[in-house]
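Heads up: the structure comes next, in structure tokens.
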Amino acid sequence: MNKECTNLLSFLSGELGEKEKKAFTEHLMQCSECNREYEQMTEAWNSLKWDFEEIEPSSSLKSEVMNFVFENDDEVPVRREKNWSSFFFKQFTPVTSGLLLGALVLAFVLLYSNIQLKNELAAINLPMEVKTSLSLLPADKTAVNMNTDGAAYILQQGEERRLIVQIQNLPSLQESEVYQVWLLKDGKRTNAGTFKPDEAGTGSLTYKLSINDKFNQIGITREPDANSTKPRGEKIVGSS
């Protein structure tokens with residue numbers, strides 16, 4: 001399907017801007033499929049005014065409507081939905097009812113899509129800030145050829161915070177071994193996840209921080225597997 005074909009509903013509902021409306025009008029003159037669907041939908045819409053059956057409202061109509069609105073709150077939702085559907089179809093012919101329900105569904109979908117799009121754009125437009133940066137240095141500075149180092153950053157975008165850890169020159173691991181990141185605060189450790197380095201010894205980790213994650217130090221240990229709830233292996237690097 002041509003990308004322009006997807007704009008048919010937006011064109012009918014008036015959602016397109018002037019530029020898009022002009023472009024779709026030109027497309028409509030060239031696309032037989034869109035032109036056929038446009039004529040069918042336009043014909044259905046124009047027939048609405050001829051589809052109503054004019055009836056004299058009964059004297060009890062007002063009281064029926066008010067009773068429906070204020071009926072007992074204990075009534076189950078399924079029954080209430082059936083009552084509403086019955087009331088709705090009594091007032092309009094089947095064709096009109098179907099078209100009106102379709103229009104209501106379309107309006108709801110468009111409204112929901114617009115809200116979602118606005119929320120996504122608002123999140124995208126929020127600036128990303130580096131709130132904190134920590135240098136990560138070897139835990140054993142006396143070890144031979146120990147040149148492993150790196151850095152950790154706390155990035156904030158709106159209310160969301162993320163910890164980014166980047167390490168280079170990490171010693172290679174054996175089989176199930178992993179590097180595990182620990183967040184430290186007043187002697188308490190929080191597990192921030194595990195990672196494995198690439199062949200060059202470079203490793204990285206991204207961890208979404210919750211509002212309760214508070215720490216002032218970071219330590220990275222070499223663990224026998226990814227199941228550690230507390231450090232079991234040696235500390236490789238950490239913040240000062």
Side-chain angles (χ1 to χ4, degrees), residues 73-74 76-78 81 105 108-240:
D73 289 337
D74 294 333
V76 293
V78 173
E81 181 179 350
V105 171
F108 175 79
V109 171
L110 290 174
L111 177 62
Y112 180 78
S113 298
N114 286 339
I115 293 175
Q116 288 291 98
L117 180 59
K118 288 179 180 179
N119 290 338
E120 291 175 3
L121 290 176
I124 293 174
N125 291 331
L126 290 175
M128 181 79 74
E129 300 180 73
V130 178
K131 304 299 290 185
T132 306
S133 61
L134 299 170
S135 296
L136 301 177
L137 303 174
D140 186 359
K141 296 182 173 61
T142 63
V144 179
N145 297 325
M146 193 62 176
N147 56 353
T148 302
D149 61 7
Y153 308 93
I154 297 179
L155 305 181
Q156 183 158 352
Q157 185 177 33
E159 297 297 323
E160 186 175 287
R161 295 188 306 151
R162 291 185 181 274
L163 172 68
I164 310 295
V165 176
Q166 296 177 326
I167 309 289
Q168 52 270 351
N169 301 318
L170 283 164
S172 59
L173 298 173
Q174 302 296 324
E175 299 180 352
S176 63
E177 289 185 330
V178 296
Y179 286 109
Q180 190 152 352
V181 180
W182 305 94
L183 309 180
L184 294 86
K185 174 72 172 178
D186 298 330
K188 296 182 180 179
R189 291 183 176 86
T190 300
N191 178 10
T194 62
F195 67 92
K196 290 191 174 186
D198 58 22
E199 295 180 355
T202 301
S204 63
L205 175 140
T206 300
Y207 176 71
K208 185 176 181 180
L209 295 166
S210 71
I211 192 172
N212 296 320
D213 285 328
K214 300 182 186 301
F215 61 95
N216 49 26
Q217 285 185 303
I218 295 176
I220 299 177
T221 59
R222 181 173 180 169
E223 299 296 319
D225 52 53
N227 301 318
S228 298
T229 57
K230 61 181 180 179
R232 292 181 290 165
E234 63 176 325
K235 183 178 179 180
I236 303 300
V237 293
S239 60
S240 55

Inset, instruction - Please name all residues satisfying side-chain contact (heavy atoms from CB on, under 4.5 Å) with T132, sequence neighbours left out, ordered by chain then number. - result: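 Applying side-chain contact (heavy atoms from CB on, under 4.5 Å) to T132 gives L134, I154.
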Quick one: does [X]'s side chain get under 4.5 Å of [Y]'s, heavy atoms only?
{"X": "W182", "Y": "K235", "value": "no"}
{"X": "D213", "Y": "L163", "value": "no"}
{"X": "I167", "Y": "I236", "value": "no"}
{"X": "E223", "Y": "Y179", "value": "no"}
{"X": "V237", "Y": "D149", "value": "no"}
{"X": "I220", "Y": "L205", "value": "no"}
{"X": "T194", "Y": "V181", "value": "no"}
{"X": "L173", "Y": "P197", "value": "yes"}

Legend entry - Side-chain donor or acceptor of R161 paired with backbone N/O of S210 under 3.5 Å: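 Side chain of R161 to backbone of S210, a donor-acceptor pair under 3.5 Å: yes, one is there.
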Legend entry - N/O donor-acceptor pair under 3.5 Å between S239 side chain and I218 backbone: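 Yes: the side chain of S239 pairs with the backbone of I218.
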Legend entry - Nearest-0.5 Å distance that lies between atom CD in Q168 and atom CG in N147: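 With rounding to 0.5 Å, CD (Q168) is 9.0 Å from CG (N147).
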Looking at every heavy atom in both [X] and [Y], which two are closest together, and how far apart are they?
{"X": "A152", "Y": "V165", "answer": "CB-CG2, 4.2 Å"}
{"X": "S176", "Y": "P224", "answer": "OG-O, 2.8 Å"}
{"X": "L170", "Y": "F195", "answer": "CD1-CE1, 3.7 Å"}
{"X": "P138", "Y": "T148", "answer": "CG-O, 3.0 Å"}

Inset, instruction - Go through the structure and list residues passing salt bridge (charged side-chain N to carboxylate O under 4.0 Å, His left out) with D225, not counting sequence neighbours. - result: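 For D225, the residues satisfying salt bridge (charged side-chain N to carboxylate O under 4.0 Å, His left out) (neighbours in sequence not counted) are R232.
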Inset, instruction - For residues 186-210, pull every pair meeting salt bridge (Lys or Arg N to Asp or Glu O under 4.0 Å), keeping only residues two or more places apart or in separate chains. - result: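 Qualifying pairs: E160-K208.
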Legend entry - For R222, the option from Q180, E177, E234, Q174 that meets side-chain hydrogen bond (donor to acceptor under 3.5 Å, both in side chains):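 That would be E177; it is the only one of Q180, E177, E234, Q174 passing the side-chain hydrogen bond (donor to acceptor under 3.5 Å, both in side chains) with R222.
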